[in-house]
Amino acid sequence: MKKEIEVIGFDDAPFNKKDKKCILISVYMRGNRIIDNIYFSEFEKDGLDVTNKIIKVVKDKHYPKIKVIFLYGITFGGFNIADIHKIYEETKKPTVVIIDKKPNFEKIFKALKHFKDFEERKSLIEKAPAPEYMDGIYVQYLGIDRERLKRIVDICRLKSKVPECLRVAHLIGRGFLYLKKERE
């Protein structure tokens with residue numbers, strides 16, 4: 001497998017309680033060293049539109065080259081839950097959720113109770129594959145086998161336990177937090 005495998009990673013920028021919109025950050029990379037593009041999209045805080053935003057970015061100009069889609073968690077902007085089955089089905093690209101620690105589903109479902117569409121949101125989480133431990137992180141994945149995923153994650157890591165595209169997206173998100181503080 002080549003060292004410059006093309007991947008795209010998605011994370012959200014930090015947000016405030018009063019925010020209605022959040023920023024989705026996407027970093028398209030080759031391996032763990034070459035950033036080829038960065039995308040920004042807006043989505044609703046606690047909405048249900050992040051899945052379509054992710055699909056739209058993936059299907060942009062780098063679509064033919066993308067080998068794996070990485071998501072930094074399954075929830076974005078509070079509880080805007082990514083439907084990884086829909087992402088995989090509509091893009092035909094392996095879709096992988098990376099999580100730092102094992103999710104506490106009991107706590108998550110309790111927090112979701114106040115949403116009118118609780119059952120729909122709960123269903124999105126329940127139909128995702130169960131998180132599996134892999135080298136310091138948890139992964140949920142579709143369209144790829146565990147061994148190939150492990151090789152790709154190893155190739156895409158540089159300075160942390162997560163693929164570099166996610167680390168960079170996360171760093172960019174923290175930059176938005178600094179900008180928000182500066183404006184206050």
Side-chain angles (χ1 to χ4, degrees), residues 7-28 37-60 68-91 93-132 137-143 160 162-163 165-184:
V7 297
I8 190 164
F10 292 85
D11 195 12
D12 54 352
F15 58 91
N16 298 318
K17 281 187 175 188
K18 65 181 190 281
D19 291 341
K20 288 183 175 31
K21 296 276 188 181
C22 297
I23 298 171
L24 181 67
I25 303 152
S26 319
V27 177
Y28 171 71
N37 212 337
I38 298 172
Y39 299 87
F40 300 99
S41 307
E42 279 192 327
F43 65 98
E44 292 178 45
K45 184 180 86 173
D46 292 331
L48 284 172
D49 61 338
V50 78
T51 298
N52 291 330
K53 301 289 184 167
I54 291 168
I55 292 167
K56 184 177 179 183
V57 170
V58 170
K59 288 188 165 184
D60 200 42
V68 178
I69 300 164
F70 287 111
L71 310 179
Y72 212 154
I74 200 167
T75 61
F76 293 82
F79 284 108
N80 198 324
I81 301 163
D83 182 342
I84 67 171
H85 285 277
K86 183 175 179 183
I87 295 167
Y88 174 64
E89 288 163 11
E90 290 201 18
T91 65
K93 304 287 183 180
T95 304
V96 181
V97 176
I98 303 283
I99 315 162
D100 290 326
K101 52 189 170 193
K102 192 169 186 175
N104 181 334
F105 290 113
E106 188 177 312
K107 263 176 102 172
I108 293 168
F109 294 147
K110 185 177 179 183
L112 285 174
K113 286 270 188 199
H114 77 277
F115 287 95
K116 292 177 199 163
D117 55 2
F118 164 75
E119 290 299 330
E120 180 181 359
R121 292 171 193 266
K122 183 180 178 196
S123 168
L124 288 172
I125 292 171
E126 287 178 332
K127 77 177 187 178
E132 296 177 23
I137 56 175
Y138 286 85
V139 295
Q140 296 169 277
Y141 53 95
L142 295 170
S160 78
V162 302
C165 58
L166 293 179
R167 190 183 81 81
V168 171
H170 189 74
L171 287 173
I172 293 167
R174 286 189 4 218
F176 281 103
L177 183 63
Y178 181 79
L179 179 65
K180 283 183 178 186
K181 284 181 183 175
E182 200 173 71
R183 287 181 176 172
E184 292 173 355

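Please read all numbers here as calculations on a predicted model, not as lab measurements. Only heavy atoms go into these numbers, but all of them, side chains included; no hydrogens, no water, no symmetry mates.
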* Taking only residues two or more places apart in sequence, or in another chain, which ones meet Lys102 in a side-chain hydrogen bond (donor to acceptor under 3.5 Å, both in side chains)? -> none
* Got a sec, which residues hit side chain to side chain contact (heavy atoms under 4.5 Å, CB included) with Ile108, two or more places apart in sequence or on another chain? -> Phe79, Pro103, Phe105, Leu112, Ile125
* Asked: Mind checking what makes side-chain hydrogen bond (donor to acceptor under 3.5 Å, both in side chains) contact with Glu42, not counting sequence neighbours?
  -> none
Show me, pair by pair, the donor-acceptor contacts under 3.5 angstrom made by side chains of residues 71-78, not counting sequence neighbours?
{"residue": "Tyr72", "atom": "OH", "partner": "Asp100", "partner atom": "OD1", "Å": "3.3"}
{"residue": "Tyr72", "atom": "OH", "partner": "Asp100", "partner atom": "OD2", "Å": "3.4"}

* Let me know which of Ile69, Thr51, Leu142 forms a side chain to side chain contact (heavy atoms under 4.5 Å, CB included) with Ile84. => Leu142
* Asked: What is the minimum heavy-atom distance between Asp12 and Ile25, and which atoms define it?
  -> C-CD1, 4.3 Å
* salt bridge (charged side-chain N to carboxylate O under 4.0 Å, His left out) contacts touching residues 118-129 (sequence neighbours left out) -> Asp83-Lys127, Asp117-Arg121, Lys122-Glu126
* Nearest 0.5 Å, what's the OG-CD1 distance between Ser26 and Ile54? -> 7.5 Å
* Asked: Taking all non-hydrogen atoms of both residues, which atom of Gln140 and which atom of Ala128 are closest, and how far apart?
  -> NE2-CB, 3.7 Å
* Asked: Do side-chain atoms of Lys86 reach the backbone of Ile55 as a donor and acceptor pair under 3.5 angstrom?
  -> no
* Hey, does the side chain of Asp19 reach the backbone of Asn16 with a donor-acceptor pair shorter than 3.5 angstrom? -> yes
* To do: Check side-chain hydrogen bond (donor to acceptor under 3.5 Å, both in side chains) between Asn80 and all other residues, then give those that pass, not counting sequence neighbours.
  => Asp49
